[in-house]
Amino acid sequence: MEAFQLLSRGGAKFDKRRFQKDVQLFSKAPGKTQTPSKANLADGELPKELDYFKYAAGGSGKRKTEGGGPDVVKKRKVSEEEDEPDSASEDLEENEAEDAPQRPRQRIVAKGSNVPAHADSFTELAERYQMSSLLLSNLDRYGYIYPTGIQSYGIPILLESRDLAAISPTGTGKTLSYLLPVMASLGAPSSSSNSDAGAGVRAIVVAPTRELAHQIHNECLKLAEGRKWRIVLFSKASAATLAEKATRDKVDIIITTPLRLVASLRSGSLELDNVRHLILDEADRMLDSEFFPQVEEILAACTHPSIQKAVFSATLPAGAEKMAMQMLQDPIRVVVGLKDTPLPLISQSLTYVADDPSKLPSLLTYFAQPYNPPVLIFTSSQPRATSLAQELILNGVSNVDCLHAGMTKKEREDAVSRMRRGESWVMVSTEVMARGMDFKGIREVINYDFPTSVQSYVHRIGRTGRAGREGKAVTYFTDDDAPFLKAIANVLLQSGSTVPEWILKLPKPSKLKRKQMGKVKRAETVNPARRIGRNDAIKKRDMIAGSKRRIARETRPIPLSETTGEVSS
DNA sequence: AAAAAAC
């Protein structure tokens, strides 16, 4: 591992010309620059639904501290010039009024009892809820100009102490949607004269990976600047410190992964009886079968009668949503855009690679041509991530990094910071990077291994195209991936990308399976050996059906493209 | 449907 990091450190220097296209895009900002300012916030004439332009201004604005300020302007320009009434924008506008909008608009639906009015600006929020001027100036300092859709709807709901299930696409500012109201309603740090604060931790944010918890912690620290909040990124070390009561009582917010918190609960070193705010980020992940038992334990430990709970995600399958609604009290459900759908800003494509051995050559061909770094590559397992990274390095690809949960804490941290500094051109990773991570300006996501669910797909490709930027996502698929191909293809379609017609003609796997069960005798579907030598049609159908009982390896894999005629009938 | 991730 070390050797390969060394290898990856060497090689060509960062080539600025690679970015020239952007630099030009950014700097040739036209007359209508209109630097976002407070004056804009005051005009109060904003539409009820926040459009992408507005969203982009708010979201990419925060990048001005990290680099490339003018992109706020750039995005605005792009949005204004675009008048592509393509299927994606139409989808998103299905509930929109009659005025034919030139820009795609987000559809925002808030359901629940007595839904608080949304707020169109941060100043409006501050006035309505007496938010501290410090929070407001920190927003300003970090370039948050306009609230995004989810912020504009979600923040008032949380500030009015309501429970919330928030569904909003990747990269649309969900983190701020809960951090801001939590900090605003905590009022002041516990250590100061805050009479009704009580003793012990007052707010908890739970996230599925260390990297994401770390990132949320950083965001939280930004908002807290200038005041002595005690915001703790929960780790082994901080857990040990928090075991002392004197320390524990002064903590305001803990940001943690579930098992870390549960470990402290079990050891009796931490009590959550004063927790007033509990946030589950990546809620569907937190409620899946692996994490849910831990989340249950956390929920059970939060015994304060007036606890506020909220869940956030870009995806929330029906089952997870049901569970979420059960744990929430009189919740309000906010959906921005279409559930389980990527932003149309991400141009997606599917690439057929016949089988696993064909993937590496395809990827190397890709890297042999000019490409836009940084690129994030997803594999299905830790060993595959490691070996793919090594292969890329051996084949001369520059600045390759790897990140998966099998690496040490330090290795992971180092990989993330190289990514943050823009030193990684190519990051090979696993599902651990799929959710929540906000690396600035990832230009392209490559699904080297096919994602195992629509949710995984949506989150993975959501690492690009964040905060109003454009992004590109390529997904490799093999014959083995056929059973799940159509579901993903539909996601592409729904978000405005195009899909080869033959893929759309694929029947639903389950349906086909049933059909096949009717035709093929039971014994044959049970015994894979019996199928060898059968005619191609059956083999093909087997592949499409994705039966676990695969045809023996010696059978030549049949490219899916050759099979469409038959299976689509 | 299944791996990854959480300590």
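In what follows, chains carry the letters A, B, and so on, assigned in the order in which the sequence lines appear, proteins first and then strands, with residues in each chain numbered from 1.
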Are any non-hydrogen side-chain atoms of A/Leu223 and A/Leu176 less than 4.5 angstrom apart?
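Counting from C-beta outward, A/Leu223 and A/Leu176 do come under 4.5 Å.
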
Check whether any side-chain nitrogen or oxygen of [X] sits under 4.0 Å from OP1 or OP2 of [N], and answer yes or no.
| X | N | result |
| --- | --- | --- |
| A/Thr257 | B/dC7 | yes |
| A/Arg412 | B/dA6 | yes |
| A/Thr209 | B/dA4 | no |

Scan for side chain to side chain donor-acceptor pair (under 3.5 Å) pairs involving residues 289-303 of chain A, sequence neighbours excluded, and state none if there are none.
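Qualifying pairs: A/Arg266-A/Glu297.
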
Is the closest side-chain donor-acceptor distance between A/Asp281 and A/Tyr178 under 3.5 Å?
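Yes, A/Tyr178 and A/Asp281 have a side-chain donor paired with an acceptor closer than 3.5 Å.
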
Quick one: [X] [atom1] to [N] [atom2], roughly how many Å, whole number?
| X | N | atom1 | atom2 | result |
| --- | --- | --- | --- | --- |
| A/Met407 | B/dA6 | CE | P | 12 Å |
| A/Phe378 | B/dA5 | CZ | C1' | 14 Å |
| A/Asp284 | B/dA6 | CG | C1' | 16 Å |
| A/Phe234 | B/dC7 | CZ | P | 11 Å |
| A/Gln382 | B/dA2 | CD | P | 19 Å |
| A/Glu297 | B/dA6 | CD | C1' | 12 Å |

Answer yes or no: side-chain N or O of A/Arg285 and base N or O of B/dA4 forming a donor-acceptor pair under 3.5 Å.
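Flag set: donor-acceptor pair detected.
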
Let's test your reading of the model: under 3.5 Å, does the base of B/dA4 pair with the side chain of A/Glu290 as donor and acceptor?
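In this structure, the two groups form a donor-acceptor pair.
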
What is the nucleic acid contact for [X], judged by heavy atoms within less than 4.0 Å: base, sugar-phosphate only, or nothing?
| X | value |
| --- | --- |
| A/Arg210 | sugar-phosphate |
| A/Ser456 | nothing |
| A/Pro258 | nothing |

Could you check, using the six-membered ring where one of them is a Trp, whether A/Tyr352 and A/Phe477 have ring centers closer than 6.0 angstrom?
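Under 6.0 Å, so yes.
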
